[in-house]
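Below is one structure, written out as structure tokens; the observations come after it.
Order of listing sets the numbers, starting from 1, for every ligand and every atom in it.
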Amino acid sequence: MNILIAASECVPFAKTGGLADVIGALPKALKKLKHDVRVIMPRYKKIEAKEFDLKIIAQNIPVSFNKKVELATVMEGKINSKDPIRVYFVDNEKYYNRDDLYQTPLGDYPDNGERFIFFSRAVLEITKAIDFKPDVIHCNDWQTGLIPAYLKTLYKLDSFFLRTAVLYTIHNIAYQGVFPKDVFYLSGFDLWDFVPQRLEYHGRINFMKTGLVYAEILNTVSKTYSRQIQTGKEFGRGMEGVLVYRKKDLYGIINGIDYTIWNPQQDQNIIAQYSLDNLEGKIICKKNLQKISDLPVVSDIPLIGLIARLDAQKGLDILHEAIGRMMKMNLQLVILGTGDPEYMELFKKIGKKYPRRISVSLKFDNKLAHKIYAGSDMFLIPSHFEPCGLGQLISFAYGSVPIVHKTGGLADTVDFFNPKTGKGKGFLFTEYKAKSLLEAIRIAIKTYKVKKKWDKLIRNTMEATFSWDKAARDYTKLYKKAQQKKIKTTESFVVGK
Ligand code: ADP
């Protein structure tokens, strides 16, 4: 199949979270299945032409919206793998030549709506300009939510897209791209479609809802989350109605991780490589992490890592509540995160209060992230909700045992370690409360003290695989479903049924 993956971030070019990991890895697995798969994303300032060997392949492509024409330049680069993947970068000075992807430290860019209207329309125009006719456009998150709507409205009569279907993936429903009605006017849709059944959301335009309404097939990144988001406002964030309505078209596919990047045997970001058969390197990595984190270098104290966007979603409120009592336990905590300024301030204070026990780095630092996965004994994910979560999958690969809230993809991938049977890969807590989190940590530490049990647990984690190969087969099935649906509607349209 011809598959075009449209997204706002992709490893190794630009990353703020798990979406980028997915977009950097899924195409490689799809290519192995012989699909012609390509990625399209904005070219942000930090994606340097020289560093990534980008070449201009098309210029001055007119993208019309808001009764005007903006021009797009297309650059081509690649995701390296045995069989490299073509990546198209949509370049426009005005929209993307900025320091960050979506925001400044003071908040979101005020023209984010316009920036991603431009991107969505540019995707369709560029596809035509380079003559790559996709069977499926795989759209991801709110930034690409308008694409399926354009295909079904303004591009409805465009024969180039007659067979182009859309799979729309929700990576996180908490970010919907909701903008005032002015932005709707910029989009070029007909006012006729500004109704709650289609584009309107409480008097505003909601990009994610638009995707959910118009795409042929929908999915999210775990089965549990796909159910949770239909249950009510707490998880569905206002989208539960439309999701229940589209229930038959909604699927859950758990993410994999890219084992060419996350592999302690060949990871050049860590001080010593290691494998299940020889864990010496992991001990060295722990020492190194303690040293660079300014924590006492002690081998038998359990070291817990936490890497997250600092956002309410990530369970930081119950962690904050639990910190005092955690400090009464024998443990070290290494935190890496950036995001919400209030949480940054809070964790800065916590780090200062317990300098010998907690190390806090408030930045985005990929290299340090690798060191934390490798050097920690346990990995904490207390998230209130988690569509899939990649931290637990990465920590498995590095033999760092996850302690997680039983929700979304965490519930689907982490099973409780049972010391009697020796089965299980981590520790979970069900109730979203500080005391439940503390109890899970307490059990983890108790298990850590019994070397034989802990060794078994590490074996279970490092033997687990969450590769993209199976997920790519599942995605292929959804692409086919989307295509069949599209063909059905196109046929009835062409023969005038
Ligand atoms: P989300 O997409 O909600 O941020 P995921 O668990 O799906 O959460 O993915 C997060 C990804 O981003 C992981 O690869 C994690 O290691 C990485 N990450 C998060 N924060 C940082 C940071 N401050 N520095 C480096 N990597 C980070």
Please tabulate, for side-chain N and O atoms in residues 4-16, each donor-acceptor pair with protein atoms closer than 3.5 Å (sequence neighbours left out).
unit_1 : atom_1 : unit_2 : atom_2 : d
Ser8   : OG     : Tyr102 : OH     : 2.7
Glu9   : OE1    : Thr16  : N      : 2.6
Glu9   : OE1    : Thr16  : OG1    : 3.2
Glu9   : OE1    : Gly17  : N      : 3.2
Glu9   : OE2    : Thr16  : OG1    : 2.7
Glu9   : OE2    : Tyr102 : OH     : 2.6
Lys15  : NZ     : Asp21  : OD1    : 3.0
Lys15  : NZ     : Asp21  : OD2    : 3.0

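Using modelled atom types, one finds no donor on one side chain facing an acceptor on the other under 3.5 Å when comparing Tyr432 with His405. In summary, the side chains of Tyr150 and Arg121 do not present any donor paired with an acceptor at a separation below 3.5 Å, with no hydrogens or angles considered.
The residue from Trp142, Phe207, Tyr109, Tyr95 that alone fulfils the ring-ring contact (aromatic ring centres under 6.0 Å, His included) condition with Phe116 is Trp142. Between Lys425 and the choices Thr461, Asp415, Thr413, the side chain to side chain donor-acceptor pair (under 3.5 Å) rule is met once, by Asp415.
Judged by distance alone, the side chain of Asp258 and the main-chain N or O of Ala25 form no donor-acceptor pair under 3.5 Å.
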Provide, line by line, the atom pairs where ligand 1 and the protein bring an N/O atom each to a distance under 3.5 Å; else say none.
unit_1   : atom_1 : unit_2 : atom_2 : d
ligand 1 : 2 (O)  : Gly18  : N      : 2.7
ligand 1 : 3 (O)  : Arg309 : NH2    : 2.7
ligand 1 : 3 (O)  : Lys314 : NZ     : 2.8
ligand 1 : 4 (O)  : Arg309 : NE     : 2.8
ligand 1 : 6 (O)  : Leu390 : N      : 2.9
ligand 1 : 8 (O)  : Lys314 : NZ     : 3.2
ligand 1 : 9 (O)  : Gly18  : N      : 3.2
ligand 1 : 14 (O) : Lys15  : NZ     : 2.9
ligand 1 : 14 (O) : Asp21  : OD2    : 3.2
ligand 1 : 16 (O) : Tyr373 : OH     : 2.7
ligand 1 : 23 (N) : Lys363 : O      : 2.9
ligand 1 : 24 (N) : Asp365 : N      : 3.0

